[in-house]
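Single-structure report; data block below.
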Amino acid sequence: MKIVAAKKILKANDQLAAENRARLDAAGVFCLNVVGSPGSGKTTLLEALFAQLKDRLKPAVIEGDIAGSIDSERMERIGVPVVQINTEGACHLDANMIASALKEIELKGIDLLAIENVGNLVCTAGYDLGERLRIVVLSTSEGDDKARKYPAIFQGSHAMLITKTDLLPHTDFDLERIAADFKRLAPEGAVFQVSAVRGDGIAEAADWLADKCRGN
Amino acid sequence: MHELSIVEALIDQVRETLEQEGEKGRVSKLELSIGRLSGVCCDSVRFAFGLLAPGTVAEGAEIVIQQPKAACNCRACNVPTEIDDLVIECPNCGSGDISIEGGRELLLQSIDIEE
């Protein structure tokens with residue numbers, strides 16, 4: 001006999017993500033999923049955004065890495081509460097890992113939860129974590145063809161933050177090309193150009209994030 | 001992508017479905033629908049299934065995979081195109097004013113059980 005199931009294979013992840021979202025919403029915490037390649041500057045960007053927002057928002061971070069606690073030590077140094085998830089080889093975070101990490105965070109004391117995903121432009125696209133916004137971080141040294149080569153991660157993102165703009169004179173990165181490609185994949189998506197080391201563009205990106213946290 | 005964790009979720013779904021239906025027979029076939037834009041590699045799914053299925057309710061099942069295509073609908077030329085990969089411009093006229101439909105399915109369609 002044949003049982004017709006017609007079930008989503010990742011239904012369990014989607015259900016857990018919905019539970020995470022409900023839990024965060026009930027606590028008044030805005031959740032951000034930060035994706036991008038290893039070395040794109042996700043941690044440095046978060047450090048710069050948190051410094052900019054320190055009088056406006058109380059953040060916490062979940063750091064996803066295959067191994068080690070280098071990133072969470074950086075967050076501790078700037079006084080941001082952090083939970084480290086080591087995936088021990090897995091290429092992405094999933095909603096179940098976030099559900100476990102949420103038990104270790106005092107949600108009452110924060111406004112913003114940033115989840116720094118495992119550095120990966122492929123697998124992280126497939127897993128809803130329960131976030132309200134996903135931002136994709138792309139550095140100028142990675143090249144302006146990434147939206148064409150990894151479209152899924154750009155398509156599902158609400159904003160693209162182009163980092164390391166201080167390196168532009170040393171690359172052939174075409175800002176207009178990547179912005180046009182992103183616009184096609186994510187017509188509503190916002191684009192920011194930032195250099196975290198110089199501080200360029202950080203205020204604009206931080207203002208946008210603060211607006212989103214307030215529900216605008 | 002991450003086919004091992006997808007196949008783990010698949011086997012959980014099969015177990016759950018059999019429990020709900022009260023079925024105890026041997027699973028002979030699983031039909032999956034894996035869209036062309038899902039980012040999931042069918043060969044890797046088969047490989048991961050071979051690794052993970054032994055000792056579970058799904059052990060020994062044949063895996064049949066349908067791969068639904070996606071459609072690119074262009075608002076500039078109005079010519080719909082079937083696509084295998086995510087595109088950012090219309091394959092027919094090159095316009096960026098497009099919408100993509102379908103191709104993202106990742107479904108367990110049916111389970112065949114030997115009586």
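These numbers were taken from a predicted model, which means no experiment stands behind them. Just so we're on the same page: letters track the sequence lines, and every chain starts at 1.
Contact tally against chain B (heavy-atom pairs below 4.5 Å) for A:A12, A:P151, A:A147: the top residue is A:P151. Top candidate by heavy-atom pairs under 4.5 Å with chain A, chosen from B:G96, B:S99, B:S33, is B:G96.
By the 4.5 Å heavy-atom criterion applied to side chains, B:L107 and A:K7 are not counted as neighbours. For the pair A:R148/B:E89, a side-chain contact is recorded, criterion being any heavy-atom separation below 4.5 Å from C-beta on.
Residues A:I9 and B:L108 approach most closely at CG1-N, 3.6 Å, considering heavy atoms.
Here the CZ-OG distance, from A:R184 to B:S95, works out to 7.0 Å after rounding to the nearest 0.5 Å. Atom NZ of A:K8 is separated from atom CD of B:Q13 by 11.0 Å, given to the nearest 0.5 angstrom. Note: A:L10 CG to B:D12 CG = 11.0 Å, rounded to the nearest 0.5 Å. Atoms CD1 and CG, on A:I153 and B:L86 in that order, are 12.0 Å from each other to the nearest 0.5 Å.
For CD of A:E176, the number of neighbouring non-hydrogen atoms (other residues, nucleotides, ligands) closer than 6.0 Å is 12 at most. Within 6.0 Å of CD on A:E188 lie no more than 12 heavy atoms contributed by other residues, nucleotides or ligands. Other residues, nucleotides and ligands contribute only 12 or fewer heavy atoms inside 6.0 Å of the CD1 atom of A:I70. More than 12 heavy-atom neighbours from other residues, nucleotides or ligands sit within 6.0 angstrom of NZ on A:K11.
For a residue to count as touching a neighbouring chain, one of its non-hydrogen atoms must lie under 4.5 Å from one of that chain's; by this rule B:E21 touches chain A with the side chain only.
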